[in-house]
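Here the structure is laid out as structure tokens; the discussion comes afterwards.
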Amino acid sequence: MRKSLLAVVLGALVLGVGCHRNTRESAKNDAENAAEKTENAAENAGDKIEDAAEEAGDKVEDATDK
């Protein structure tokens, strides 16, 4: 009976440590994914701003040519 109880307790501890490790790795992966998405969004926003500035410059240029 004692050995069975000890085995159950040790098994629960091992399972708990394994779950903690998976949770930590999952959190790290989630943070990396969030950082990548933020970087992509910033690049897209920068591209849109650059395009808008070029378009505005073209309109000014067209207006001054007339």
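In this structure, the side chains of E43 and E39 come closer than 4.5 Å at one or more pairs of heavy atoms.
A distance of 12.5 Å separates NZ of K28 from CG of D30, quoted to the nearest 0.5 Å. In this structure, NZ in K59 is found 4.5 Å from CD in E55, a value given to the nearest 0.5 Å. The distance from atom CG of N33 to atom OG1 of T38, rounded to the nearest 0.5 Å, is 10.5 Å.
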